[in-house]
Amino acid sequence: QVQLEESGGGLVQAGGSRRLSCAASGRTFSSLVMGWFRQAPGKEREFVAAVSRGSWVTYYADSVKGRFTISRDNAKSTVYLQMNSLKPEDTAVYYCAGRQERVTSIHGDEYDYWGQGTQVTVSS
């Protein structure tokens, strides 16, 4: 089993930055593909970013490309999401997720482990 815990959410003004962290425990972190997803009120969960086990591959949703950066530190069992140039439409609960299979995926139903989520609110 894997436990994931997000942190770093909060209130930020439009145009500002925020870094989310997700700490993992319970399984060798380096064996997991990691992803970030988000869910806004009244909307379905959507993919944000994903990173391969060794950080060689990253994927981003078009809506965040160029503004968000996913990274991981396997020594610290932590994945990060650096969010810059935030917009009100980025307001959502952000979830990190872990996938046991080797292939990096953008599909939430292909992830095995999920955190509880952290709220990010961007004010205009």
Side-chain angles (χ1 to χ4, degrees):
Q1 272 295 343
V2 175
Q3 291 77 45
L4 302 174
E5 184 172 2
E6 303 94 339
S7 61
L11 178 64
V12 61
Q13 288 189 334
S17 298
R18 201 82 180 181
R19 188 176 82 157
L20 304 183
S21 300
C22 173
S25 61
R27 182 188 171 102
T28 304
F29 179 75
S30 59
S31 70
L32 298 173
V33 166
M34 298 300 297
W36 286 96
F37 295 79
R38 67 186 182 187
Q39 187 167 21
K43 295 187 177 181
E44 294 187 353
R45 182 183 64 197
E46 65 174 358
F47 167 75
V48 175
V51 61
S52 63
R53 295 171 171 178
S55 300
W56 299 297
V57 175
T58 56
Y59 294 127
Y60 295 94
D62 287 342
S63 59
V64 307
K65 201 170 294 183
R67 299 188 298 122
F68 290 11
T69 302
I70 188 171
S71 61
R72 65 188 296 163
D73 185 337
N74 286 344
K76 295 183 178 180
S77 297
T78 302
V79 62
Y80 304 98
L81 185 68
Q82 177 66 44
M83 306 184 293
N84 298 329
S85 301
L86 282 161
K87 305 175 182 180
E89 51 262 45
D90 294 319
T91 295
V93 178
Y94 284 72
Y95 299 90
C96 74
R99 170 173 160 83
Q100 299 181 83
E101 296 298 321
R102 180 178 57 85
V103 176
T104 306
S105 172
I106 66 171
H107 303 292
D109 58 3
E110 294 180 350
Y111 282 75
D112 304 290
Y113 309 106
W114 292 84
Q116 293 298 308
T118 186
Q119 175 72 46
V120 174
T121 302
V122 183
S123 63
S124 56

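Worth saying up front: this structure is predicted, and the values here are computed from it rather than measured.
- For the atom pair CD of Glu5 and OG1 of Thr78, the computed distance is 10.5 Å after rounding to the nearest 0.5 Å.
- Asp112 places a side-chain N or O within 3.5 Å of a backbone atom of Gln100 that can act as its donor or acceptor partner.
- Salt-bridge formation is not detected for the pair Lys87/Asp90: no Lys NZ or Arg NE/NH1/NH2 atom is positioned less than 4.0 Å from an Asp or Glu carboxylate oxygen.
- If you chain together hydrophobic residues whose side chains sit under 4.5 Å apart, Val93 and Leu81 never meet in one group.
- In the hydrophobic clustering of ILVMFWY residues, with side-chain heavy atoms under 4.5 Å counting as a link, Phe47 and Leu20 come out apart.
- For the side-chain contact (heavy atoms from CB on, under 4.5 Å) with Thr104, the lone residue among Val51, Val33, Thr58 that qualifies is Val33.
- Distance alone, capped at 3.5 Å, places no donor-acceptor pair between the Gln3 side chain and the Ala24 backbone.
- At distances below 3.5 Å, at least one donor-acceptor pair connects side-chain atoms of Arg72 with backbone N or O atoms of Ser52.
- Hydrophobic clustering, with ILVMFWY side chains joined whenever heavy atoms are under 4.5 angstrom apart, groups Val79 together with Met83.
- At distances below 3.5 Å, not a single donor-acceptor pair connects side-chain atoms of Gln82 with backbone N or O atoms of Arg19.
- Judged by distance alone, the side chain of Ser17 and the main-chain N or O of Asn84 form no donor-acceptor pair under 3.5 Å.
- Summarising the geometry of Leu11 relative to Ser123, their closest heavy-atom pair is CD1-CB, 4.2 Å, with the distance given to 0.1 Å.
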Test side chain to side chain contact (heavy atoms under 4.5 Å, CB included) applied to Gln39 and Tyr95, step by step: CA-CA 8 Å; Gln39 187 167 21; Tyr95 299 90; 4.3 Å; yes

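- A donor-acceptor contact shorter than 3.5 Å is absent between the side chain of Arg38 and the backbone of Glu46.
- In this structure, the side chains of Leu4 and Met34 come closer than 4.5 Å at one or more pairs of heavy atoms.
- Atom OG of Ser55 is separated from atom CG of Asn74 by 6.0 Å, given to the nearest 0.5 angstrom.
- Separating the CD atom in Gln119 from the CD atom in Glu6 is a distance of 12.0 Å, to the nearest 0.5 Å.
- Within a 6.0 Å sphere centred on CD of Gln116, heavy atoms belonging to other residues, nucleotides or ligands number 12 at most.
- Linking ILVMFWY residues whenever their side-chain heavy atoms come closer than 4.5 Å, directly or via other members, places Val48 and Tyr60 in the same cluster.
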Stepwise side chain to side chain contact (heavy atoms under 4.5 Å, CB included) check, Tyr59 with Ile70: CA-CA 9 Å; Tyr59 294 127; Ile70 188 171; over 6 Å; no

Test side chain to side chain contact (heavy atoms under 4.5 Å, CB included) applied to Cys96 and Trp114, step by step: CA-CA 6 Å; Cys96 74; Trp114 292 84; over 6 Å; no

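- No side-chain heavy atom of Gln13 sits under 4.5 Å from any side-chain heavy atom of Val122.
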Check against side chain to side chain contact (heavy atoms under 4.5 Å, CB included), Val2 and Leu32: CA-CA 10 Å; Val2 175; Leu32 298 173; 4.0 Å; yes

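- Residues Glu110 and Ser105 have side chains that bring a donor and an acceptor to within less than 3.5 angstrom of each other.
- The minimum heavy-atom distance linking Ala92 with Ala40 is given by the pair CB-N, 3.8 Å.
- The aromatic rings of Tyr111 and Phe37 sit perpendicular, their planes meeting at an angle over 60°, well past the 30° parallel limit.
- Without hydrogens or angle criteria, Ser21 side chain to Tyr80 main chain gives no donor-acceptor distance under 3.5 Å.
- In this structure a side-chain-to-backbone donor-acceptor pair under 3.5 Å is present from Arg53 to Ser31.
- Between the side chain of Asp73 and the backbone N or O of Lys76 there is at least one donor-acceptor pair closer than 3.5 Å.
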